Each structure stands twice: as structure tokens, then as C-alpha cells.
Amino acid sequence: MKRNRRNNFFIGWVGIFCLFCLCLPAQNQSGDSGEKTMVYLLHSDLLRFDKKLNPDAQIVEGNVVFRHDSVYMYCDSAYFYSKTNSLEAFGQVKMNQGDTLFLYGDYLFYDGNSQIAMVRENVRMENRNTTLLTDSLNYDRILNLGYYFEGGTLTDEDNVLTSDWGEYSPETKMAAFNRDVKLVNPQFTLTSDTLKYNTTTKVANILGPSDIVSDENHIYSELGFYNTATEEAELLERSVLMNGGKKLTGDSLYYNRAKGYGEAFDHIVMNDTVGRNMMTGDYCFYDELKQEALATKRAMAIDYSQEDSLFMHADTLEMKSFYLDTDSAYKHMYAYHKVRIYGEQLQAVCDSLVFSTVDTCLTMYRDPIVWSGEQQLLGEEIKVYMNDSTIDWAHIINQTLSVEKKDSVHYNQVNGKEIKAYFKDNDPYKIDVMGSVHVVYYLEEEDSTMIGMNVSETSVLNMFLKERKIMKIRMNAKSNGVVYPMGQIPPEELYLDNFAWFDYIRPKDKQDIFIWRGKKAGQELKKSERKSIPLPNSDLLRKE
């Protein structure tokens, strides 16, 4: 009898020991580590079995509560499969993990082994300030990731995002979206093919063809970042900023919508389809609120409003606006330094130029030279007055020289204190020269054969041109001069004192405008007191 009692006592202790050993691993495996733990039924109003309907399930009804590790699941009724550690929940399904993640729906299948919850119909996931709505959501507790595949909507304080497919991580606050992605913000709408979004930082990561549209402008990009809170964008892969008829493209763009300015880097193109002009370079800045712009690093401005497009290069191109939102608003466009201009019918060089919309005058400073066909005009300063986009008339001031090339030796030449040239359809038809005028002019037969050279001095000279060739010259009545036959021209009379033919400086094509060539020694204009160049930065104002 004693032996049996001892045996029973020994067996009991062995059983308790084994049970204790079995419980230890279970306790170590509890939590959300991803290892297998048991799903527990905590409460139901009714528990029953139906071997015919569902022989593997415990059928529970009324105020049903399950727990798996730190997750609690609530529903109206459920099938509980204890053997497979899973359950199906029906009606007013609620699943919460801690006090930050809540998941609602009409149906839930939960697998305690894989820790995957599949929620269907009227699904709502809430994570602090973020709500995700869909009809089909899978939530992986191990990865802490929810994803939908039949359309869904994610909202936070500022934005509403919709897409065909998406995923959201409550831990990292990162959301990813694919196919027909749309982000709606009170200030803009972003549509995309692929997008990532952080609900904490409010930064959208653009990973595919995307459009950001607001009342003010339109952005296109295939790669970059857009901060929906600060409205700052950093865009790559030839992104585009469109504003009215203006389009800015660059290898990379920075844009601050709130402050209204942007920067473009490398191979930039700013195209104004309304004004029919464009600007290129490797750096561009644009302030749409102040209406200011700047381009440097191989900066080039192109005017294609006329049949003959003009290409202009300078170290820096800049635009400034004044008295905006008033009746006195106007703009200044600056080009500085080493300005070179090329068109098929017109070429020019100077150090700097300024165009003002006040008087539609373009002023060229410091050694400006203009060529048109075989014509060359130069002086200390050249003012060109525009009528719309065509030249009305030009004023050349001080140390002026007008040259027409006849051949490599003979040139028609006129100099004086000032020259006024008048244009029709951008072609000069009359040139007036005033003040101490000196003339070297070749007389011709009807077949253009030169028969003599006229050397004259006068106070006023009028030249009349056709197709950029001098057809007639008229001098003041008090003029004096000499005509030499072609074979009897003294060598010293062939050229005026300030004659120079600057063909070696002249731009040859639109690529040649990037290569600066200065005057040869001894061909510079005389030193004189000249106007300051009115550049945007007062530090750049200089006198010669």
C-alpha cells in the first residue's frame, strides 16, 4: 500500500515537472516575435458545436473576444479552430493591437501561426492620425504591414490618397501605392503610377510618371520627393515645371510652391510658348511671385518669334520686375558679360545689354558691334528700339563706324558722332550719320563694277539701302570731297582712321556664341568717360 502511494506521489511530481517544462517554451514564445503561440477564446455568450455544419470548429456567439499575444479580436460570432490555431469572425469585427492600431470590418480570418489577418468588407484600419479604407485588407503582424489589392483610400490630416493597390506600415508610417494613384491636397492634386508616402513627415516619394497640378502651375516628374506640408519638391530625371505658357525642364529641379520659387540644374530649358522665346543653360532660378529669373553656366536665350531666330549667350542672363500689381509695372532683362548674338540675318557682340519694357529699348554697352549681311555698325553704345518683336530704329552713340564690305580690300565706310538707322521688317532702309562725318564711298556702274572712290567730309549724311546694300548717298550742301579713279587711289585714303572689319569676332553659328573673341590690340575704341552699365547688382556697375 505504501509502495503504491510512493509510486503515485512520484508519478504526480514527474507530471508536474513535465508540465512545467512544457510551459517554459510556451512562455518564451509568447509575444509578437513571430513564433507560434496559441490563440485564446476569452469570452462568448454561447459556445456550441455543429459536426454536420463545421465539425472542426467551435461555434461562438455573442460578445465574442479572442486574444493572441498582445492582440485582441472582437466580433458578434465566430468559428474557432483550435487545432489549426485560427478563427473566422463575423459581424462588427474589431481587432486592436495596443492603443495605436485598430482594424475594423465585417469579416476576419486570422491565422495564429502565420499571424496574418484577412479582413473583408467595409474595412477600416486606424493608426493615430491615419485611416485606411478598403474592402479587402491583409495585415501581417510579423511584418507589421497592411496591404490592399482591390482599391483603397488612405487619409491623414492633410491628404487623401487612393490607388488600386497599396500597403501601409503602422510602425514606419510608410505607405506605398501602385496603379491609378491619386493624392488630393487642398492646394494641389498629385496623380501617379507609383508613389510612396510617409504619414508623419508628409513627404511623397515619386517613383513613376507623376503630375502635380494646382491653380498656379503643373509639375511633371518620374522620380523625386514632394513635401506636402511645406510644399517643397526635389525632382530628378528631366522633371518639368509648367506655369501658364512657360515650361521649365531640367535634369533636376527644386521648387518651393509656398514661396513661389524654383531652381533647375543641368541641361535646363525654359520655354515661353506665348512670348515665343526660350532660355537654356546649366543653372536657372525663377521666382514666380517677384517675377524674377536668372540663368548661368552656358546660358542662352533664344527668340523664335520671327522667321529668323536669334540666339544670345552671356555669362549671366537675368530678368527683374518692378512695381508689380500696379499700373506702372515694368521689366528689365539683362545679359552680362561677353554677350554674343547669332541669327542668319543679324549678328552682334558687346560686353553687356539691358532691355526695358518701359520704352521697349535694348541698350548694348561697351564696344557693341552689329553685323547684317556685309554691313557692320559699331560705337560706344547702341540703342535698339523695338516695335513688338521687330526693330523700329537704332541709335549708335559716339565713335561710330558704319562699314559695307565690297571685297577683301574695298569697303564703303562712314564715321561720325552718332548714327541713326531705320528698319522695316528688320531690314535697314535708311541710315543717318551726324557730327564730323567722314566718308569713303565707291562709285559703281549698274553692273556693280567699281569705277572710283569718293572721300568726303560733311556734317550730315543720309544713306538709303535696299536689300542691305547702299543704293544712294546724300550729303549736306557744305560737304567737300575728292573722287579718285580706281587705279589712282592713294593707299592712305583707302581706310578711315577708325576703320576695322571685325569679321574674326563675328559669331558664325549658334554654337559659336559660346566662344568669346575680343578685339585685337590697336583696334579698341578710344578711352572715354561712359555711362555706367545698369546691371541688377550695383557691385557690377563699372565705368570705362
Side-chain angles (χ1 to χ4, degrees), residues 123 125 127 130-140 143-243 246-258 262-271 284 286:
V123 181
M125 173 188 277
N127 178 232
T130 303
T131 300
L132 175 60
L133 302 176
T134 183
D135 276 335
S136 297
L137 178 77
N138 291 351
Y139 173 61
D140 189 324
L143 299 178
N144 197 9
L145 186 70
Y147 53 94
Y148 59 87
F149 35 83
E150 294 181 355
T153 302
L154 184 144
T155 62
D156 59 19
E157 305 97 329
D158 303 317
N159 303 302
V160 178
L161 297 101
T162 58
S163 66
D164 285 350
W165 181 95
E167 65 180 30
Y168 174 69
S169 170
E171 182 178 4
T172 64
K173 313 303 179 186
M174 283 298 300
F177 306 92
N178 279 335
R179 297 190 301 274
D180 292 333
V181 184
K182 187 175 184 179
L183 186 157
V184 178
N185 180 281
Q187 305 301 321
F188 63 89
T189 298
L190 187 159
T191 56
S192 180
D193 175 69
T194 305
L195 187 75
K196 286 187 176 182
Y197 176 72
N198 189 296
T199 59
T200 300
T201 64
K202 313 302 181 188
V203 173
N205 186 353
I206 296 168
L207 299 171
S210 304
D211 292 276
I212 307 172
V213 180
S214 70
D215 293 338
E216 294 79 22
N217 51 45
H218 178 183
I219 296 172
Y220 174 83
S221 180
E222 296 183 6
L223 182 65
F225 300 89
Y226 190 88
N227 190 317
T228 66
T230 63
E231 298 188 77
E232 294 177 272
E234 294 183 31
L235 309 170
L236 308 172
E237 299 292 333
R238 301 299 293 166
S239 297
V240 182
L241 170 62
M242 291 162 275
N243 184 352
K246 298 180 178 65
K247 183 166 74 171
L248 175 62
T249 306
D251 285 356
S252 60
L253 298 179
Y254 169 80
Y255 177 64
N256 188 314
R257 187 188 300 274
E263 292 178 280
F265 304 87
D266 299 323
H267 304 101
I268 66 163
V269 178
M270 177 181 280
N271 190 13
C284 177
Y286 179 64

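All residue numbers refer to positions in the sequence shown, counting from 1. These numbers were taken from a predicted model, which means no experiment stands behind them.
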E263 and Y255: side chain donor to acceptor below 3.5 Å: no
task: Would you check if K196 and M174 make a side-chain contact, meaning some heavy-atom pair closer than 4.5 Å?
output: yes
query: Is the shortest heavy-atom distance from the side chain of Y168 to the side chain of K173 under 4.5 Å?
result: yes
- line: Heavy-atom nearest pair, V123 first then S136, reads CG2-N, 4.2 Å
- line: Here the pair of heavy atoms bringing H218 nearest to D211 is NE2-OD1, 2.7 Å
message: Pair L133, M125 - check side-chain contact (heavy atoms from CB on, under 4.5 Å), show working.
response: CA-CA 7 Å; L133 302 176; M125 173 188 277; over 6 Å; no
- request: Working to the nearest 0.5 Å, report the span between CD of E167 and CG of L137.
  value: 11.0 Å
task: Indicate whether any N or O donor in one side chain lies under 3.5 Å from an N or O acceptor in the other, for N144 and Y139.
output: yes
- prompt: When you look at OH of Y220, are more than 12 heavy atoms from neighbouring residues, nucleotides or ligands closer to it than 6.0 Å?
  reply: yes
task: Could you tell me whether the side chain of L154 reaches within less than 4.5 Å of the side chain of N159, counting heavy atoms only?
output: no
- prompt: Between N243 and Y286, does any side-chain donor sit less than 3.5 Å from a side-chain acceptor?
  reply: no
- prompt: side-chain contact (heavy atoms from CB on, under 4.5 Å) between N138 and L145: does it pass, once the steps are laid out?
  reply: CA-CA 8 Å; N138 291 351; L145 186 70; over 6 Å; no
query: Strictly by modelled atom types, are T194 and N178 linked by a side-chain donor-acceptor pair under 3.5 Å?
result: yes
- request: Verify whether one side chain among N217 and K246 offers a donor that lies under 3.5 Å from an acceptor in the other.
  value: no
message: Would you say that more than 12 heavy atoms from the other residues, nucleotides or ligands in this model lie under 6.0 Å from the NZ of K182, or not?
response: no
- prompt: Side chains of S214 and Q187: does their closest heavy-atom pair fall under 4.5 Å?
  reply: no
- prompt: If every non-hydrogen atom of L223 is compared with every non-hydrogen atom of S239, which pair is closest and at what distance?
  reply: O-OG, 4.3 Å
query: Can you tell me how far CG of L183 sits from CG of L161, rounded to the nearest 0.5 angstrom?
result: 4.0 Å
message: Under a 3.5 Å distance rule, please check whether T200 uses its side chain to pair with a backbone N or O of N198 as donor and acceptor.
response: no
- prompt: Can you find a pair of side-chain heavy atoms, one from V240 and one from S221, that are under 4.5 Å apart?
  reply: no
query: So, R179 versus S163: side-chain donor-acceptor pair below 3.5 Å or not?
result: no
Matching residue for R238 among D266, D251, T249 - test: side chain to side chain donor-acceptor pair (under 3.5 Å): D251
- prompt: Under 6.0 Å from the CD atom of E237, do we count more than 12 heavy atoms belonging to anything else shown?
  reply: no
message: According to side chain to side chain donor-acceptor pair (under 3.5 Å), who are the partners of T134, at least two apart in sequence or on a separate chain?
response: none
message: For I219 and V213: C-alpha separation, side-chain torsions, deciding distance, then whether side-chain contact (heavy atoms from CB on, under 4.5 Å) applies.
response: CA-CA 6 Å; I219 296 172; V213 180; over 6 Å; no
Shortest non-hydrogen contact between L253 and L241, atoms and distance: CD1-N, 3.9 Å
message: Is the shortest side-chain heavy-atom distance between L235 and F225 below 4.5 Å?
response: no
task: Would you check if the side chain of N227 reaches a backbone N or O of T230 as a donor-acceptor pair within less than 3.5 Å?
output: yes
task: Enter the distance from Y147:OH to L132:CG here, rounded to the nearest 0.5 Å.
output: 13.0 Å
query: How about S252 and F265: do any of their side-chain heavy atoms sit closer than 4.5 Å?
result: yes
- request: For D156, enumerate each residue passing the side chain to side chain donor-acceptor pair (under 3.5 Å) test, keeping only those at least two apart in sequence or located in another chain.
  value: Y197, K202
- request: To the nearest 0.5 angstrom, please state how far the CD atom of E222 sits from the CG atom of L236.
  value: 11.0 Å
query: If you round to the nearest 0.5 Å, how far is CZ of R257 from CD of E216?
result: 6.5 Å
Nearest heavy atoms of A204 and L195, plus distance in Å: CB-CD1, 4.0 Å
Least distance between heavy atoms, V160 atom then T153 atom: CG1-CG2, 3.7 Å
- line: Contacts of Y226 meeting ring-ring contact (aromatic ring centres under 6.0 Å, His included) (sequence neighbours excluded), chain-then-number -> F188
